[in-house]
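The shown structure was predicted, so the numbers you read here are calculated from the model rather than taken from an experiment. Chain A is the first sequence line, chain B the second, and so forth, proteins listed ahead of strands; every chain is numbered from 1.
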2 protein chains.
Amino acid sequence: MSEQAETFRERKRRMVQADLVAVAKELFVSQGYEATTVEQIAAGVGMSERTFFRYFPSKEALVLGRYEDLAASLSAALAARPADEPVWVSLRRAFDDLVAESDAEAEAGRTRGMRAVVESTDALRAGYLARMERVRESVAEVLAGRLAEPAPASGSTPASADAAPLAPSTAPAVVGAAFSCLSVAYSVVTRDGGSLAAALDAAMGAVASAASAGITDPARTLPDA
Amino acid sequence: MSEQAETFRERKRRMVQADLVAVAKELFVSQGYEATTVEQIAAGVGMSERTFFRYFPSKEALVLGRYEDLAASLSAALAARPADEPVWVSLRRAFDDLVAESDAEAEAGRTRGMRAVVESTDALRAGYLARMERVRESVAEVLAGRLAEPAPASGSTPASADAAPLAPSTAPAVVGAAFSCLSVAYSVVTRDGGSLAAALDAAMGAVASAASAGITDPARTLPDA
DNA sequence: CTCCGTTTTGTCAGTCAATGACATAAACGC
DNA sequence: GCGTTTATGTCATTGACTGACAAAACGGAG
């Protein structure tokens, strides 16, 4: 009852959703997001306006759907990194799946138009940022968990020592900084092209370089005055 | 004709705006943002709904108005920092005005309710993030300009050398990381209380510590594999 | 004070996104 | 075929927002 039959309905549902997205994309690209009404999109696939809202909770959701998956996969990726790896490296590695996906999309040319629509529409940019912030919170929890661990089990601290233990409460800030790099990297790729990996490495490297130059004592915070 | 008279009108206008904000705040706190209609706010000060929109372009703008000022003041603050100061320190210093303002507000107890309203309303959080991103872009331009300068004029590089020159194109990422710290610090203060300065120092110190631990070569980016 | 031009405001009508209620048509299990 | 979900259409409504227009309120010139 909840295996094949459901799957069939869901498949159909996804088909219709994909159809709506395709129609909407064309309209958005040609007329802009705001100037396109839900009625037009619905008419484009031959359904009523009311039914549109049974497939997407909002016009915005058609463009920016599902970030729960992203939160889950990034959290899992980070959790899979070894606990003794430097945090900044772990975060960079957690983004690897996204990088691969982005490169694949770049070749296929898919979702290219949509990204531009998002970039150029204030309401969509806002929605995107809000969703990414929830993802950030989710990932930050994972990092906080890792930082809360008492200490690397056996006497380890192998290569590049984490000099300062890094309080768990600082996880949101660290993850936020990494996400900021990711966001910037996406912008760069959308605007100038190139690989996401390169853009990400450049961004995260720059932050590492800039931030570490602000440390006077090794592994102590900034001067107070 | 465009000196005192205009100022008088503008003063009156600001009075009415402040009045609207005060009434709206009460309603938002007691009923929530979404559940409060513009009509209620307008009625609260005895004006028509239409006139409300002559004072604020949107319900959201009543809560999140004017971030152009913030962009300008942060940009100016950053521009005023010495060019040979480590970038991360300059950014922290650029936030000093905000820190002072926040502490002052904390004592006065002003705008406390509003911040909570923003934190607890999705639409407002999104709008806030979008505005902050524009601020970030503005500040990043200033930093990019500073990084583009050929070199510290005379033979300087005084205290803690900026080992890697830091390409101007990485400015958005670095500023984004700093803003992320600011944002987290605000959240912490709103939630747990305490001084913004302490929260900011903790956040930025943590990022510096975490990111610098990810550098293997001095001042080179991350390993590629 | 009165008249005139500017500004502010209220009223009205309309658009668009989103939601609830209800009825009907289609699909599924038996 | 029949009853039960499930999908869809229709209708009505709310709430943010906008344009158009007319009625005040204001501020100065005579």
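- In this structure, the nucleotide among D:dC21, C:dA17, D:dG19 sitting nearest to the side chain of A:E49 is C:dA17.
- Distance, B:R11 CZ to D:dG27 P: 13 Å, rounded to whole Å.
- Rounded to an integer number of Å, the gap from B:L62 CG to D:dA16 P is 12 Å.
- Looking at heavy-atom distances under 4.0 Å, B:F56 makes no contact with the nucleic acid at all.
- The distance from atom CE of A:M15 to atom P of D:dA7 is 16 Å, rounded to the nearest whole Å.
- A:T37 comes within contact range of the sugar-phosphate backbone alone, with a heavy-atom separation under 4.0 Å but no base atom that close.
- B:R13 has no carboxylate O lying under 4.0 Å from a charged side-chain N of B:E10, or vice versa, which leaves the two without a salt bridge.
- Residue-to-nucleotide proximity on DNA chain D shows that, of B:E39 and A:R13, the 5′-proximal contact is made by A:R13.
- Side-chain nitrogen and oxygen atoms of B:T51 include at least one within less than 4.0 Å of the OP1 or OP2 phosphate oxygen of C:dG10.
- The separation between A:E10 atom CD and D:dA7 atom C1' is 15 Å, rounded to whole Å.
- Listed candidates were C:dA17, D:dT10, D:dA16. Nearest to the side chain of A:V38 is C:dA17.
- Across the interface with DNA chain C, nearest-nucleotide mapping of B:K12 and A:K59 shows B:K12 to be the residue nearer the 5′ end.
- Taking atom CG on B:L20 and atom C1' on C:dT9, their separation rounds to 13 Å, with Å as the unit.
- In the set D:dC17, C:dT19, C:dT9, the nucleotide with an atom closest to the side chain of B:R54 is C:dT9.
- Distance OG/B:S73 to CG/B:L98: 6.0 Å, rounded to 0.5 Å.
- Computed from coordinates, the A:R50 CZ to D:dT10 P distance equals 13 Å when rounded to whole Å.
- Side-chain atoms of A:L129 and B:M132, non-hydrogen and from C-beta on, never get closer than 4.5 Å to each other.
- In summary, of the residues considered (B:T36, B:T121, B:V21), a side chain to side chain contact (heavy atoms under 4.5 Å, CB included) with B:F28 occurs for B:T36 alone.
- Put simply, CG on B:L64 is 16 Å from C1' on D:dA16, counting in whole angstrom units.
- Shown for residues 26-34 of chain A: no residue has heavy atoms falling under 4.0 angstrom of DNA chain D.
- If you take CZ of A:F53 and C1' of D:dT14, they are 13 Å apart, rounded to a whole angstrom.
- At the phosphate of D:dT8, OP1 or OP2 sits under 4.0 Å from a side-chain N or O atom of A:Y55.
- For B:R93 and B:D96, the salt-bridge test passes: some basic side-chain N is under 4.0 Å from an acidic carboxylate O.
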Checklist entry - Could you go step by step and tell me if A:R136 and B:S180 meet the side-chain hydrogen bond (donor to acceptor under 3.5 Å, both in side chains) rule? => result CA-CA 11 Å; A:R136 180 181 69 70; B:S180 187; 5.1 Å; no
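- Taking all atoms of both residues into account, the shortest heavy-atom contact from B:A167 to B:L147 is O-CD1, 3.7 Å.
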